[in-house]
Peer 1: 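Before I ask anything, let me first share the structure, which is written out below as C-alpha cells.
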Amino acid sequence: MKGDGDLVLIAGGGPVGLLCAWLLGRRGMRVRLFDNNTGLQADPRAATTHPATLELLAEDALAEDMARVGLVAPIFQFWDRPSGELVAQFDHALLKDDTPYPYVVQCEQFKTAKLILDRVGKMPNVEVLFEHEVIDVAQADRSVAIEVRAADGIKTHVGGYLIGADGGRSVVRKQCEIPFEGFTWPERFIVLTTPHDFEAERGYCYRSYFADPGAWCNCFKVSADGPPGLWRTVFPASSEQPEAEIMSDAGVQARIQSFFPAPKAYDIVHRNLYVTHQRVAATFRKGRVLLAGDAAHVNNPIGGMGLNGGIQDAANLVEKLAQVVLDQGPDQLLDLYSRQRRAVAVDFVQEQSIANKKRLEARDPELRRRNLDELREIAADKNRARQFLLRTSMIASQRRVAAMTINTV
Ligand SMILES: Cc1cc2nc3c(=O)[nH]c(=O)nc-3n(C[C@H](O)[C@H](O)[C@H](O)COP(=O)(O)OP(=O)(O)OC[C@H]3O[C@@H](n4cnc5c(N)ncnc54)[C@H](O)[C@@H]3O)c2cc1C
C-alpha cells in the first residue's frame, strides 16, 4: 500500500485530469495521477476554448501558449446551407470590456494536454502514471483507496481525496454508484478532417455553423502541425445507415459533397464516428470523491462547450480543495463545487447545446425562418449581440455561479 492522507489521487490523464494535477501541484499539493493509456491520445475532439475558459488558464501563460500552438478566432458565423447565405456573424471584439480574451482559441485538446503535461513533468510533487487503470474505489472516514492495475499487477493507493476525471464512461462514477442522468442521441456524429481550404474556397471563417433541414454541420479550422492547418467538419449520421457504409470512402465523400459540393474529391485525412450523449451526474461529489470533466457531464459538440466545462470544473475544484486541505477551509466548499458546476452543466451547457442542435436541424420551414431571422436580428443589434456572446463564450454562466455561496440552497 502506498500514499497517505494529504495525497490527491486522480483517475484519468485527459486534459481535465492533467489540469487538476498541474493546478494542485502549483499550490504545493501532492498528486498522483493514473491513466490507462500509453500516453496522450491525439484523436480529433475538442479545439474551441472560450473566453471564460481562457481566463482560467492564465497561470504560467498557458492560455498564451495555447494561442501560440493553436489559432486565434475572434469571429464565428451561422450559414443557411440550402441558400448558401451567411445568416449572422458574431465578433468577440464586442466583449472587449468583459474579458481580457475577446476571442476563442482553437487548440486541439491533445496539444493543450501536452502543454500541461510538460509543465507537470517539472513538478516533484506530481506523479503521472500512464498504463495504470483504476478499477476499484473504496472510501473510509478520512481517506479513499483505489485499486490500480498496471503491468506489475494490481496495487492499492490511498489518498485524502480522489478526483474522477476518467471520461464519459468513468469507472470512478460507476464505482460510487452516481447516476448519469440524461439521454443518448440516436444518430452518431461523424468528424471528417480535410486540408481543403474552406476560407479561400468559400469564405468561411475559422468557426462556422450550418443549418440544414434535418441536418447540420460544424466546420472549423485547427492549426494541426502548422500552416496551412486542417479543417474539421462534423455532421450527423443516421443510426439506420451501417457504420461500414458511413465510414467508406464513398460514404464520406457523399456526405461532405452534399454539404459543400466541390469539383473534385476531398482529401480526407481523418474520419471518426462518435456516439453522443447528453448526461449529467446526479452529484459531482460523494464523500472524498469528486467528479470533473466528461466523468461528470457530456453533451453534443455544437457550440464547443464540453471540455470548456471540464476545464472550468478543474479550476473551481482545485481552488476549493486547496482551501479545504491546506487552509482547513470548511468541507462544505466541496458541496458548493458540486452545486456550482452541476448548475452550469444542467442549466447552461445541456440546455444550450441541445438548443444549438435543434436550431440548426429544424425542418419546419416556418420554424427555420424564425430561427434564422432571430439570429440575423441579434447580430444586427450590438446590445443583443453582446448578450448572445456572453452566453456562447460561457462568461454569463461563470458570472452566475460565482454568486452562489455555501449557504445557497
Ligand atoms: C467530435 C468532438 C468534438 C468536440 N469538440 C469540443 C470543443 O470544440 N470544445 C469543447 O469544449 N469540447 C469539445 N468536445 C468534448 C471534449 O472532447 C471532452 O469534453 C473532453 O475530452 C473531456 O476531457 P476529460 O479530460 O474530461 O475526458 P477525456 O478526454 O475522455 O479523458 C479521460 C482520460 O481518462 C482515461 N481513463 C478512462 N478510464 C480510466 C480508468 N479506469 N483508469 C485510468 N484512466 C482512465 C482515458 O484513457 C482518458 O485519457 C468534443 C468532443 C467530440 C467527440
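In listed order, ligands and their atoms are each counted from 1. Note that the coordinates shown come from a computational prediction; the quantities given were computed from them, not determined experimentally.
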Peer 1: For D294, which of R169, R45, R279 qualifies under salt bridge (Lys or Arg N to Asp or Glu O under 4.0 Å)?
Peer 2: R45
Peer 1: Please say whether D294 places an N or O atom under 3.5 Å from an N or O atom belonging to ligand 1.
Peer 2: yes
Peer 1: Tell me if the centroids of the rings in F235 and F189 come within less than 6.0 Å of each other.
Peer 2: no
Peer 1: Just jot down the ligand 1 atoms closer than 4.0 angstrom to any heavy atom of A47, in number order.
Peer 2: 7 (C), 8 (O)
Peer 1: Please work out which of the three classes, parallel, tilted or perpendicular, describes the rings of W231 and F198, given edges at 30° and 60°.
Peer 2: perpendicular
Peer 1: Which heavy atom of the protein is the closest neighbour of atom 37 (C) of ligand 1, given with residue, atom name and distance?
Peer 2: D166 O, 3.2 Å
Peer 1: Hey, could you give me each pair passing ring pair (Phe, Tyr, Trp, His ring centres under 6.0 Å) that has a residue in residues 88-107? Not counting sequence neighbours.
Peer 2: F76-F90, F76-H92, F90-F388
Peer 1: I'd like the name of whichever of G304, G12, A165 reaches closest to atom 32 (C) of ligand 1 through any heavy atom.
Peer 2: A165
Peer 1: Ligand 1 versus V171, non-hydrogen atoms closer than 4.0 Å: side chain, backbone, both, neither?
Peer 2: side chain
Peer 1: Would K357 pass as a cation-pi partner of W185, given that its NZ or CZ must be under 6.0 Å from the six-membered ring centre and within 45 degrees of the axis?
Peer 2: yes
Peer 1: Looking only at the side chains, is there a donor atom on one of T184 and H277 sitting less than 3.5 Å from an acceptor on the other?
Peer 2: yes
Peer 1: Under 4.0 Å from a heavy atom of G14: which atoms of ligand 1 are those, numbered in the order shown and with their elements?
Peer 2: 25 (O), 31 (O), 33 (C), 49 (O)
Peer 1: Below 4.0 angstrom from a heavy atom of V191, which ligand 1 atoms are there? Numbered from 1 as shown, please.
Peer 2: 1 (C)
Peer 1: Looking only at side-chain N and O atoms, does D335 offer a donor or acceptor that is under 3.5 Å from a partner on S338?
Peer 2: no
Peer 1: Could you pull out, from A46, P44, C107, the option with a heavy atom nearest to atom 7 (C) of ligand 1?
Peer 2: A46
Peer 1: With a cut-off of under 6.0 Å to the ring centre and 45° to the axis, is R173 in cation-pi contact with F180?
Peer 2: yes
Peer 1: Identify the protein heavy atom lying closest to atom 10 (C) of ligand 1, giving its residue, its atom name and the separation to 0.1 Å.
Peer 2: L307 N, 3.2 Å
Peer 1: Mind checking whether F34 contacts ligand 1 via backbone (N, CA, C, O), side chain (CB onward), both or neither, at a 4.0 Å heavy-atom cut-off?
Peer 2: backbone
Peer 1: For ligand 1, which part of H132 has a heavy atom less than 4.0 Å away: the side chain, the backbone, both, or neither?
Peer 2: backbone
Peer 1: Taking a cutoff of less than 4.0 Å between a non-hydrogen atom of the residue and any ligand atom, is V234 in contact with ligand 1?
Peer 2: no
Peer 1: Name the closest protein heavy atom to atom 49 (O) of ligand 1, giving the residue it belongs to and the distance to 0.1 Å.
Peer 2: D35 OD2, 2.7 Å
Peer 1: Taking the minimum heavy-atom distance to atom 20 (C) of ligand 1, which of K174, E133, Q109, M305 ranks first?
Peer 2: Q109
Peer 1: Closest non-hydrogen protein atom to atom 27 (O) of ligand 1, residue and atom name please, with distance?
Peer 2: G167 CA, 3.8 Å
Peer 1: Where is the nearest protein heavy atom to atom 30 (O) of ligand 1: which residue, which atom, and how far?
Peer 2: R45 NH2, 3.5 Å
Peer 1: Going by the side-chain hydrogen bond (donor to acceptor under 3.5 Å, both in side chains) test, name the single residue among D313, T53, T49 that passes it with N308.
Peer 2: T53
Peer 1: For F210 together with F260, are the ring centres under 6.0 Å from each other?
Peer 2: yes
Peer 1: Provide the number and element of each atom of ligand 1 under 4.0 Å from a heavy atom of G293.
Peer 2: 26 (O)
Peer 1: Under a 3.5 Å cutoff, is there a donor and acceptor pairing between the side chains of Q241 and R255?
Peer 2: yes
Peer 1: S353 and N300: which non-hydrogen atoms are nearest, and at how many Å?
Peer 2: O-ND2, 2.9 Å
Peer 1: Report yes or no: does a heavy atom of G310 sit under 4.0 Å from some atom of ligand 1?
Peer 2: no
Peer 1: Checking the side chain of S143 only, and the main-chain atoms of A140 only, is there a donor and an acceptor separated by less than 3.5 Å?
Peer 2: no
Peer 1: Short list, please: which atoms of ligand 1 are under 4.0 Å from a heavy atom of G306?
Peer 2: 10 (C), 11 (O), 12 (N), 19 (O)
Peer 1: So between N36, L40, V16, whose heavy atom ends up nearest atom 45 (C) of ligand 1?
Peer 2: N36
Peer 1: Check whether any N or O atom of V134, backbone or side chain, sits under 3.5 Å from an N or O atom of ligand 1, and answer yes or no.
Peer 2: yes
